[in-house]
Amino acid sequence: MEQILKYFQNLSPLQIEQMEEIGVLYKDWNTKINVVSRKDIEEIYLRHVLHSLAIAKFQKFNPGAKILDVGTGGGFPGIPLAIMFPETEFHLVDSIGKKIKVVEEVVQSLALRNVKTSNCRVEEIDGHYDFIVSRAVAQMETFVRWVKGRIAKKNQHEHRNGILYLKGGDLHEELKKYATAKVYPLRDIFEEEFFETKSLVHLPMKYKG
């Protein structure tokens, strides 16, 4: 939790309580269903919570905005972001049923009323979203194909509607065909060594009705 409070000092007492509860809940669930690796569970705040919240450093989501988390796994980045932005609507999607079960239980335990979940492929989802967030579930070209046609028409944020993608390594080749993509190294936000090779990619996308 020290790592979270180090970078996010304006959390409400409820948000702090929910963030603290994350560690307890995931350690408990990980003994029943292997949601994250053993190494990661010991460093859940660094490797999962703080990593997810890099998006919050880049873009503050407005009340009423709609965010789609694709391939959420155990609930990242969606759950930490939902705590951070309680008036923003989050839709967490994953095709693996046991992972969504854990997400649903965690959402219920944290009393997050701004989160809904779906156990399906993203191609089966209807609706439009201000931003689509994810943590490296596929190559960008594949991911763009999956989420095509799901971006909202009206821009209501500082940054244009589109994809916010957390990914590591050299992204030059992968993003070569996307002239509007911008890469933000996380080492510029967080000083921990874990973030040295990690980035946030913002890819604006046009509405397609």
Side-chain angles (χ1 to χ4, degrees), residues 1-69 71-94 99-117 129-131 133-135 156-159 164-166 184 186-196 198-200:
M1 266 304 291
E2 296 86 2
Q3 290 161 329
I4 307 305
L5 295 172
K6 176 179 170 183
Y7 295 104
F8 298 92
Q9 289 152 13
N10 298 319
L11 297 178
S12 70
L14 174 59
Q15 287 172 317
I16 291 171
E17 186 183 320
Q18 289 170 320
M19 290 288 185
E20 286 175 339
E21 190 68 13
I22 278 180
V24 178
L25 289 168
Y26 280 100
K27 279 181 181 175
D28 179 50
W29 272 104
N30 225 48
T31 61
K32 306 167 194 169
I33 298 171
N34 192 22
V35 187
V36 296
S37 73
R38 192 172 296 170
K39 183 178 182 181
D40 281 9
I41 204 73
E42 294 306 318
E43 297 185 79
I44 192 162
Y45 285 101
L46 173 71
R47 292 170 173 264
H48 292 278
V49 181
L50 193 56
H51 189 207
S52 298
L53 292 176
I55 291 172
K57 284 289 187 187
F58 174 78
Q59 178 63 71
K60 289 178 171 55
F61 298 131
N62 293 336
K66 294 186 176 183
I67 313 299
L68 178 64
D69 178 5
T72 189
F76 301 99
I79 286 176
L81 290 172
I83 292 172
M84 191 64 67
F85 302 105
E87 293 179 29
T88 299
E89 295 176 36
F90 290 85
H91 188 176
L92 278 52
V93 178
D94 203 286
K99 290 188 175 180
I100 282 294
K101 176 179 166 51
V102 172
V103 171
E104 287 169 349
E105 294 288 346
V106 171
V107 165
Q108 193 172 356
S109 297
L110 295 174
L112 294 175
R113 295 180 179 84
N114 59 331
V115 176
K116 74 173 183 176
T117 62
Y129 301 84
D130 297 270
F131 290 100
V133 301
S134 192
R135 295 205 303 169
Q156 56 167 328
H157 293 83
E158 173 193 353
H159 297 98
L164 294 173
Y165 209 54
L166 291 163
Y184 299 86
L186 297 194
R187 63 175 176 268
D188 295 345
I189 305 172
F190 303 132
E191 62 185 20
E192 286 77 4
E193 188 182 342
F194 174 74
F195 299 105
E196 191 61 35
K198 293 187 166 40
S199 301
L200 171 64

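Just so it is clear, the values below take in all heavy atoms, side chains as well, and ignore hydrogens, waters and symmetry mates.
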Chemist: What distance separates L50 CG from I4 CD1, expressed to the nearest 0.5 Å?
Modeler: 4.5 Å
Chemist: Tell me every residue that passes side-chain hydrogen bond (donor to acceptor under 3.5 Å, both in side chains) with T72, counting only those two or more places apart in sequence or in another chain.
Modeler: D69
Chemist: Apply side-chain contact (heavy atoms from CB on, under 4.5 Å) to E43 and list each qualifying residue two or more places apart in sequence or on a separate chain.
Modeler: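 E43 satisfies side-chain contact (heavy atoms from CB on, under 4.5 Å) with K39, L46, R47 only.
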Chemist: Suppose we screen for side-chain contact (heavy atoms from CB on, under 4.5 Å). Which residues come up paired with K60, at least two apart in sequence or across chains?
Modeler: F85
Chemist: Under the side-chain contact (heavy atoms from CB on, under 4.5 Å) test, which residues partner E20, sequence neighbours left out?
Modeler: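 Expected list: M1, I16.
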Chemist: Looking at residues at least two apart in the chain, or sitting in another chain, which of them share a salt bridge (Lys or Arg N to Asp or Glu O under 4.0 Å) with K101?
Modeler: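 Salt bridge (Lys or Arg N to Asp or Glu O under 4.0 Å) check on K101 returns E105.
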Chemist: Using the test side-chain contact (heavy atoms from CB on, under 4.5 Å), find all partners of E104 that sit at least two apart in sequence or belong to another chain.
Modeler: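 E104 satisfies side-chain contact (heavy atoms from CB on, under 4.5 Å) with I100, T117 once adjacent residues are dropped.
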Chemist: Quick one: side-chain hydrogen bond (donor to acceptor under 3.5 Å, both in side chains) pairs with a partner in residues 73-93, sequence neighbours left out?
Modeler: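 Matches after skipping sequence neighbours: H91-S118, H91-Y129.
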Chemist: Strictly by salt bridge (charged side-chain N to carboxylate O under 4.0 Å, His left out), give each pair with a member in residues 71-80 just once, sequence neighbours left out.
Modeler: none
Chemist: Mind checking what makes side-chain hydrogen bond (donor to acceptor under 3.5 Å, both in side chains) contact with N62, not counting sequence neighbours?
Modeler: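 If we apply the side-chain hydrogen bond (donor to acceptor under 3.5 Å, both in side chains) test to N62, skipping adjacent residues, there are no hits.
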Chemist: Return each pair, listed once, that meets salt bridge (charged side-chain N to carboxylate O under 4.0 Å, His left out) where at least one residue sits in residues 1-13; pairs must be two or more places apart or across chains.
Modeler: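 Qualifying pairs, neighbours excluded: K6-E191, K6-E192.
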Chemist: Can you list everything that forms a ring-ring contact (aromatic ring centres under 6.0 Å, His included) with Y26? Sequence neighbours excluded, please.
Modeler: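 Testing Y26 for ring-ring contact (aromatic ring centres under 6.0 Å, His included), a comparison that skips the adjacent residues, returns F76.
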Chemist: Test of understanding: with side-chain hydrogen bond (donor to acceptor under 3.5 Å, both in side chains), list the residues that count as partners of D94, not counting sequence neighbours.
Modeler: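 None.
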